Amino acid sequence: MSATTLPDLIPDAKLKLPRQAERTLPGGLTVIAVRRPAVPLVELRLRVPFSRAALPRATLLSQSLFTGTGTMSSVDIAAELQAVGGGLSAGLDPDWLVVTGNALSSGLDRVLEILAAVLTDPAYPNAEVATERDRLIDHLQVAQSQPAHLARTALLKRMYGRHPYAVQTPEPEQVRAVRPGQLRTLHADRVRPDGAVLVLVGDINVDKAIDAAEKALGSWTGPAHQETMPPAPPLQAGPLHLVDRPGSVQSSLRMALPATTRTEPDYAALQLANLVFGGYFSSRWVENMREDKGYTYGPHTSIEHFLAGSALLVSAEVATEVTGPSLLETLYELGRIASLPPSEEELEQARRYALGTLRLGMSTQAGLAGLASMYASFGLRLDYLSDHSAALAVATREQVAEVAARYLAPSRAVTVVLGDAEKVEAPLAALTPVERGTA
Amino acid sequence: VARRTKIPATKYPVERFTLENGLRVVLTPDRSAPVVGVAVVYDVGIRSEPEGRTGFAHLFEHLMFQGSANLEKLAHFRHVQGAGGTFNGSTHLDYTDYFEVLPAGALERALFLEADRMRGPRLTEENLLNQIDVVKEEIRVNVLNRPYGGFPWLKLPPVMFSTFPNAHDGYGSFGDLDSATVEDAQAFFDRYYAAGNATLAVAGDFDVAKATEMIRRHFGDVAARPAPELPDFDEPDLDAERRDSYTDRLAPLPGVAAGWRVPDPIGDFAAYLPYVVLAEVLTDGEASRLVDRLVQRDRAVTSIGGYVGFMGDEFQVRNPTALLLQAHMPPGGDADKVLRTVDEELERLVTDGLTAGELERTQARIATHLLRETDAVLGRALPMAVLELQRGNPGLLNELPKLVSEVTEEQIVTAAAALRPDNRATVEVLPGAAA
C-alpha cells in the first residue's frame with residue numbers, strides 16, 4: 001500500500017535560544033558569546049563602525065587588514081592562524097568594517113591574540129599594500145564586466161542620488177591613488193573599539209570566551225570617531241533607466257521599492273507580503289516568470305537593510321528576447337499584490353516558510369554568528385528571533401494587504417534594466433517611459 | 001618546531017539498512033537543533049549521458065521537480081516551503097542529488113515527497129519545453145553572459161580527456177537540449193532512477209525507530225527495478241602535455257588553469273588523499289606556497305586556487321579525476337611564466353621537503369573546513385548519502401579529519417613529484433574585453 005496523501009506536519013516546539021553572555025569592555029567593545037557545541041569550532045564576527053569613511057581607502061584597508069603587524073608579516077599571520085585551524089578575512093559594507101573567521105575552538109585564545117595584534121599594532125607594509133592595491137584594481141576591473149555588478153551599481157545611483165549609499169564600490173583609478181600612509185591614518189582614526197561588536201559562537205564556555213576576549217582586546221582603546229549617516233532619501237520613481245550592454249544575451253532587470261526597518265510594527269507583514277509576491281520559490285512572481293513562462297532561472301526579491309534605510313529589491317536575469325514581457329509580468333504581479341489581498345492559503349504558506357527558515361538559520365554555528373552579528377549591528381540581540389516569530393505568527397491578511405498596497409505598488413518602483421539597448425528599448429518603452437543612462 | 005594542534009573528530013552515529021527494493025538508507029541522528037536534512041542521491045551523472053544529449057542529466061534533474069504520481073506541477077516546492085523548509089538538487093559528474101532541509105516536524109512530509117518522485121516523475125511535453133527554457137537561462141547566467149563562465153570546470157575536461165563521458169560539456173549545447181524528448185526522459189528514468197541505484201540519508205533531530213518506520217511506509221513499496229551496471233570511465237593518463245586556449249569576449253584579464261590526473265579516489269583512497277592535502281599546501285591562504293610565491297613575491301597572479309575534483313567535490317567523485325590549479329592574472333599576465341613557476345615550486349617541494357609546521361597547520365585548517373561543513377544537517381545528509389552510494393561507508397565522514405591529519409610529508413612529496421609538465425593539461429583564457 002503506498003501512501004498517497006501528504007503527511008501532516010508535527011507542530012514546532014517553542015523557539016529555544018542558545019545560551020549566551022554579553023559584556024561591554026571599558027574601551028567600548030561589546031562582546032557577545034553564544035554556545036553551540038555541536039562541532040569543536042568557534043565562529044568569529046567583528047563589526048567596527050565605518051560609516052562615511054572615504055570609500056577607496058576604506059575598501060583597500062579592508063583588503064589589507066592582515067598584511068602585517070609590528071612583529072608579524074602577512075605570511076606569519078596566516079600561518080599562525082592556520083596552526084590552530086583558523087582563518088580571518090575582512091570586508092566592508094557602507095556602515096561597517098567586518099572581520100569574519102573561524103578556528104578549532106581550542107585555538108580561540110590564539111585567534112583573539114592575533115586579531116588584537118592586527119587591530120592595535122597594524123603595519124600596512126608598503127610592499128604588501130602595493131600588492132593588495134593591484135589585486136583590488138584587477139578585481140574591480142573584473143567586477144565591471146559582470147552584469148550583476150553593473151546593474152547593482154546603476155540601481156544604487158538611482159535609489160540614493162547624493163546619499164553616501166549611492167556608491168558602494170570605488171573606481172579602479174581612485175584605488176590606484178591610495179597610499180599606505182593613508183591606510184595607517186584611516187586605521188588610527190576609525191578602527192576603534194567604541195561601538196564595535198565582537199560575536200563568538202561555538203563549542204565554548206560563554207563566560208570564559210568573554211574573559212579571553214577581554215584579556216586579548218582590553219588594550220584596544222581610543223575614542224570613538226563620531227559619524228552619523230544621514231537618513232536615506234525616499235525613493236524617487238521615474239522613467240525606467242536603461243543601461244546599454246551591447247551583445248548581452250540576457251537583460252538584468254532590477255527594481256527597488258520602499259521597505260521598513262526590522263523594528264517597525266509593519267515589518268512582519270511586509271516580509272510576508274514580499275514572500276507572497278516574489279521572496280521565495282513558491283511565490284507568484286517566481287512561479288509565473290520561471291515555472292510558467294520560462295523567462296528566467298533564478299528570479300528573487302529581498303529586503304535589504306542598512307543603518308540609515310531599508311529597501312525591497314527585485315532582481316531577475318531574463319533572456320534578451322523576452323525582456324519586455326518579463327517587465328510586463330513583473331508589473332502585473334506587483335499590481336496584483338498591491339491591489340488585492342492574498343488568499344488565506346498563500347499567506348499561511350508564506351508564514352510557515354518565514355517561521356521555518358528562521359529556525360533553519362539558527363541551526364548552525366555560522367548561521368547563529370551571522371544572525372547575532374547582523375542583529376547587533378542594528379542594536380538588536382538574538383531574542384529578536386522570538387519577537388519576530390511572534391509577530392509573523394499573528395500578522396493578518398488585512399495587515400499584509402494594507403502593507404502591500406503601500407510598499408509594493410509598481411508606481412513606486414525605481415527600475416533599471418541592463419541589456420542590449422538596441423533590442424530591448426522598444427519593447428520596454430511600450431510599457432513604461434524609458435531613459436537611457438550609464439552604469 | 002611547531003606545536004601540534006590536536007585534531008578533533010565528530011562522532012555522528014550512523015545507522016544503515018537496505019529496503020527489499022534495494023534502496024540503501026543511512027540515518028544519522030543529532031538532536032542539537034530542531035531541524036532535519038533529507039537527501040536522495042541517484043547513481044547517475046553527467047558522465048552517463050548519451051552522445052547527442054549533452055546536458056541531459058541536468059535537464060532531467062529539473063524534470064524531477066515537475067510533478068509525480070500524487071503531486072501536481074509546483075506541488076513539491078509548495079509542500080517543502082509551506083512546511084518551513086528549503087530544497088534543491090544538483091547534477092554532478094557521477095551522481096545527482098535531491099535534498100530538503102526542514103523543521104523536524106516535517107520529516108515525514110519530505111520522505112513522502114521523495115518517495116513519490118522515486119516512483120516516477122510526470123513527464124509532459126509542456127513541462128519539458130518549459131524546463132529547457134529555464135535551463136538555457138541558467139546556462140546564460142552562469143556561462144554565456146558573464147566573464148570566465150565555465151572556467152575551468154567546463155573548459156579543462158575537453159583538453160584533459162579523450163572520451164565523450166569525461167570530456168563533454170555537462171551543461172549541454174542548446175542544440176542537444178532542444179532535441180531532448182519526453183521519450184528520452186522516460187528511458188533515462190527507467191534505466192538510472194531505480195531504487196537499487198539510489199541512497200537515502202536523513203540527518204538531524206529525529207528518533208531512529210520512528211524514522212525507520214516512516215521510511216518503510218513511504219519507500220517500501222517503490223517497485224524494485226534492476227540497477228544498471230556501474231560503468232568504468234577510466235582512460236589512459238596523458239603521455240604528453242596538452243594545451244589549449246580560448247578567447248572570452250567578456251573577460252578583461254587573462255587566466256590559466258592546469259590539471260593533473262590523480263589516483264582512483266575510491267579504489268586507491270590511501271594514494272589519493274595526499275593530493276587533497278597537497279592542493280591545500282599549495283594554495284590555502286597567504287602562507288601557502290603558491291600564494292606566497294605567485295601572488296605576494298612575483299605578483300604574477302591576482303589569485304590562485306587549487307583543489308581536487310572538477311566540481312570541488314573531492315570525496316564525492318569517482319575515477320578519473322584531477323588535481324586542478326586555476327589562476328587569474330594581471331593585465332598582460334604570462335601563463336607560461338606562471339606554469340614555469342608552479343613547476344619550480346613543485347620541484348623545490350620535492351627536493352627540499354616541507355618546512356617545519358607547514359603540513360600540520362595545513363591539516364588543522366582542512367580539519368576546520370571539514371568539521372564546519374558537518375555542522376549543518378545537509379552537510380551530513382548529503383555527503384553520507386554519496387559516501388554510502390559510492391563506498392558503502394557513510395561513517396567515513398567522521399574519520400576524514402583524522403585521516404587527513406595522518407598524511408605524511410613523504411606522501412606529499414610523492415604526490416608533488418607526480419605533477420609534471422609532461423602529464424599536465426592546461427587551458428588559457430585570453431581576454432576578449434578591454435580592461
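Just the heavy atoms: all of them, side chains too, but no hydrogens, waters or symmetry mates, feed the values below. Worth saying up front: this structure is predicted, and the values here are computed from it rather than measured.
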Shortest non-hydrogen contact between Ala78(A) and Glu286(B), atoms and distance
CB-CB, 3.9 Å
Which bit of Ser106(A) is near chain B, if near means a heavy-atom gap under 4.5 Å: side chain, backbone, both or neither?
side chain
Testing the 3.5 Å rule here: is there a donor-acceptor pair between the side chains of Arg135(A) and Thr302(B)?
no
So do Leu104(A) and Leu371(B) actually touch side chain to side chain, heavy atoms under 4.5 Å?
yes
Relative to chain B, which segment of Lys16(A) carries a heavy atom at a distance below 4.5 Å: side chain, backbone, both, or neither?
neither
State, yes or no, whether a side-chain contact exists between Asn145(B) and Ser248(A) at a heavy-atom distance under 4.5 Å.
yes
Side chain from CB out, backbone as N, CA, C, O: work out which of these in Arg109(B) comes under 4.5 Å of a heavy atom of chain A, or both, or neither.
both
Is a side-chain donor or acceptor of Lys73(B) paired with a backbone partner of Glu291(A) at a separation under 3.5 angstrom?
yes
Cationic N near anionic O, under 4.0 Å, Arg36(A) to Asp375(B)
yes
Considering only heavy atoms from C-beta outward, does the side chain of Val39(A) approach that of Thr374(B) to under 4.5 Å?
yes
Is it the case that the side chains of Gln82(A) and Glu360(B) hold a donor-acceptor pair, with the cut-off being a distance below 3.5 Å and no angle test?
no
Heavy-atom distances under 4.5 Å only: say whether Val222(B) touches chain A with side chain, backbone, both or neither.
neither
State plainly whether the residues Glu317(A) and Arg140(B) are in salt-bridge range, i.e. N to O under 4.0 Å.
no
Below 4.5 Å from any heavy atom of chain A, which atoms of Tyr12(B) appear? Answer side chain, backbone, both or neither.
side chain
The interface call for Thr10(B) against chain A, heavy-atom contacts under 4.5 Å, is side chain
Of the backbone (N, CA, C, O) and the side chain (C-beta and beyond), which part of Leu102(B) lies under 4.5 Å from a heavy atom of chain A, both, or neither?
backbone
Heavy-atom cut-off 4.5 Å, strictly under: side chain, backbone, both or neither for Asp205(B) against chain A?
neither
Apply side chain to side chain contact (heavy atoms under 4.5 Å, CB included) to Leu360(A) and Val377(B), showing your working.
CA-CA 10 Å; Leu360(A) 304 188; Val377(B) 284; over 6 Å; no
The interface call for Gln131(B) against chain A, heavy-atom contacts under 4.5 Å, is side chain
In terms of heavy-atom proximity below 4.5 Å to chain B, should Asp134(A) be classed as side chain, backbone, both, or neither?
side chain
Pairing of Glu287(A) and Arg78(B) as salt bridge, 4.0 angstrom limit:
yes
Engaged part of His76(B) at the chain A interface, taking heavy atoms whose separation is under 4.5 Å:
neither
Excluding sequence neighbours, so at least two apart, what forms side-chain contact (heavy atoms from CB on, under 4.5 Å) with His388(A)?
Tyr267(A), Ala268(A), Gln271(A), Leu358(A), Tyr384(A), Leu392(A)
Pair Glu137(B)-Gln250(A), side-chain donor/acceptor within less than 3.5 Å
yes
Ring center gap for Tyr280(A) and Phe77(B) short of 6.0 angstrom:
no
Excluding sequence neighbours, so at least two apart, what forms ring-ring contact (aromatic ring centres under 6.0 Å, His included) with His79(B)?
none
